[in-house]
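Data block below; observations after.
Quick note on labels: first sequence line is chain A, next is B, and so on, each numbered from 1. The structure displayed is predicted, hence computed values, not measured ones.
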Amino acid sequence: MKQYIIQRISYSLVILFFVSILIFVLGRALPGDPVQSAVMSTGMGVVSDDVIDDFKVQFGLDKPLHIQYLLWIRGFISGEWGRSIATGEEVLPMFMHRLPITLELFLGSVFWSCIIGIPFGIISALRRNSWLDVTLTTGAIIGVSIPVFWEGIIMIYLFAVIMHIFPPSGYVPFSESIQGNLLSMAMPTFIMGTQGAGLLGRYVRSSLLEVLGHDYIRTAHAKGLKERAVIVRHALKPAMIPVVTIAGLAWGYVVAGSFIVEYMFAIPGLGRMGVNAIFSNDFPVIQATLVMVAINILIVNLIVDLIYGYIDPRVRVQQ
Amino acid sequence: MLLAVRNLTTYFFNGQGTVKAVDDVSYELEEGQTMGIVGESGCGKTVSALSLLRLIPGPSGRIVRGEILFEGRDLLKLSQDEICSIRGNRIAMIFQEPMTSLNPVLTIGYQVMEPLLVHKGMNKKAGILKCIELLKSVQIPDAPSRVGAYPHQFSGGMGQRAMIAMGLSCNPRLIIADEPTTALDVTIQAELLEIMKGLTRDHGTAMIIITHNLGVVARYADKVMVMYAGKAIEKALTPDLYRRPRHPYTKGLMASIPRLDQDIRQKLRPIEGQPPDLANLPKGCAFAPRCAFCVERCRREPPALIKISENHEVACWNYA
């Protein structure tokens, strides 16, 4: 098992290396000049070339590209992530400050996805072709198909503007008010969660249906297990194998969705920071955000691999 | 009388029509007796066995008529909970493909002891001990270290041993073995059948062996039922059937077995033609289109089973 984990981690590092090159090159290839927009934002109006050169030296933009890359990587590993061109803030503290907020958003959306998606999938499979199944399956397609921003607008209008149940936007830290925190995160996490739930529900349904057709389910019945025990003890675990794989792949969409949702609900998380950085061409921040997104997805896939090994004894590495 | 099946009729209803998988089949089984059900693939022998435990896959399949009297109770009239308390406990079933019939994500040990946990209220600790004992009884080497293994770590033969151990765990009165050795090597087939025969003899367990292998039947069954197109066409004690098969189909089956004492230049004689479509059976005898002894009456009306001697019944107009 240890060997398996080490192997997966080293694969991830190799992938991360290539991703970092891609991120770096893409950052430089973006149209627009970050120095120009940073200087503009200071409100100094037209400035001399000297000021711009100073700026470039300050951010190391005068050096050749490959040196810039190596300096960036070295800095990244040693915890010096540079300063934001737009605000002059240190990137790492900016990051650490926002990380818990985004993590809460992720965990909340995973919670909703599982709480809604898995039971719906199971019920759908067990009552296949009933009106309940048709309703749930249609609901899942709608859940997957509705764009995040649209669902967000509708929910804000219904639950915040008309019913006043949840605040329309903003974020209350957990340390300030537990209730306020949960209320402010309810809608954003739910919106992200329903996207995942639709996907998850459909995969749970089809996977469970496939498993229920297997011979070993007949064996379980022949042993005298009641319907419930057959599902819980014999069908669910093997049915989760493809679902876990899909959940890992779908994680990328969740992360992408968080950028939109954070922006829409004015949640001061990493997504919002990333979007702002892109608007101002603030590439130290863009690069840091993208690398963290990549690391995030790699970690999730590592977890998926481990869960996979736990569920399916056939993929466990032999000692 | 341990088991009396009367007029068992199982149909599958699908878009194309009604598939008469088992049609009006009756038989009886005494305590400790072994019966063989023989026939080609698709003749309804597996469905007739699944019907005993009400394991017909719904909603298309349904037992439309009949009685299954087991230990004096009609299994078809039991509630869902009652039939569950019989499955795996009083009647156990062994399936043909051990590799697909065992759950890939659960350990062999758990799967073998599960009937004990469910029916005997045993805890896991006692279950494991009993499980090791069971695995030893089916001659799985190094049983204590194998209880934690998963099915993919077992060979087909080992998997089938585990299936047999699972079936025997609650010491059932009846074991239904659906082609228990078909998926295995010939050498292992004989070994497993010997183990099964030995264990059922020791415990006085009755057995129904479903097979298309006439050799297996000859050696292990006390009596035989030959099925064709969902119907029982010949029933007899094993020696009677082998000495004097009556139905043209049974005769055909016997003639198509390769024999070592035959001249090898002589060709095997297959039964001409194909088994009929169960959704679209001919009006008279289902075997009539393939039968060399077919008379005009055979095409008109289906023959019923007639007793031609004390322990021999056959459904053929030639004996009427």
- Message: Whether the side chain of B:Lys197 engages the backbone of B:Tyr220 through a donor-acceptor N/O pair (distance < 3.5 Å, no angle test) should be reported.
- Response: yes
- Which answer fits B:Ile86, side chain, backbone, both or neither, if we ask what part of it has an atom under 4.5 Å from a heavy atom of chain A? neither
- According to the interplanar angle, ranging from 0 to 90°, do the rings of A:Phe190 and A:Trp112 count as parallel (below 30°), tilted (30 to 60°) or perpendicular (above 60°)? perpendicular
- Task: Check whether B:Gln80 gets within reach of chain A through its side chain, its backbone, both or neither, counting any heavy atom under 4.5 Å.
- Result: neither
- Taking all non-hydrogen atoms of both residues into account, name the closest pair between A:Leu298 and A:Ser12 and its distance. CD1-O, 3.4 Å
- Task: Find the one option among B:Thr107, B:Asn89, B:Asp81, B:Ile83 whose heavy-atom pairs under 4.5 Å with chain A are most numerous.
- Result: B:Asp81
- Message: If I take atom CG from residue B:Leu106 and atom NZ from residue A:Lys237, how far apart are they, to the nearest 0.5 angstrom?
- Response: 6.0 Å
- Note on the structure: If you tally heavy-atom pairs under 4.5 Å between each of A:Glu227, A:His221, A:His214 and chain B, the highest tally belongs to A:His221
- Item | Among B:Asn103, B:Leu102, B:Ile91, residue most engaged with chain A (heavy-atom pairs, under 4.5 Å) | B:Asn103
- Message: Using heavy-atom distances under 4.5 Å, tell me whether B:Val105 contacts chain A through its side chain, its backbone, both, or neither.
- Response: both
- Message: Please identify, among A:Ile217, A:Val211, A:Leu225, A:Ile241, the residue contributing the most non-hydrogen atom pairs under 4.5 Å to chain B.
- Response: A:Leu225
- Between B:Glu71 and B:Arg173, is the closest basic N to carboxylate O distance under 4.0 Å? no
- Just by modelled atom types, is the A:Pro242 backbone N or O under 3.5 Å from a matching donor or acceptor in the A:Ser207 side chain? no
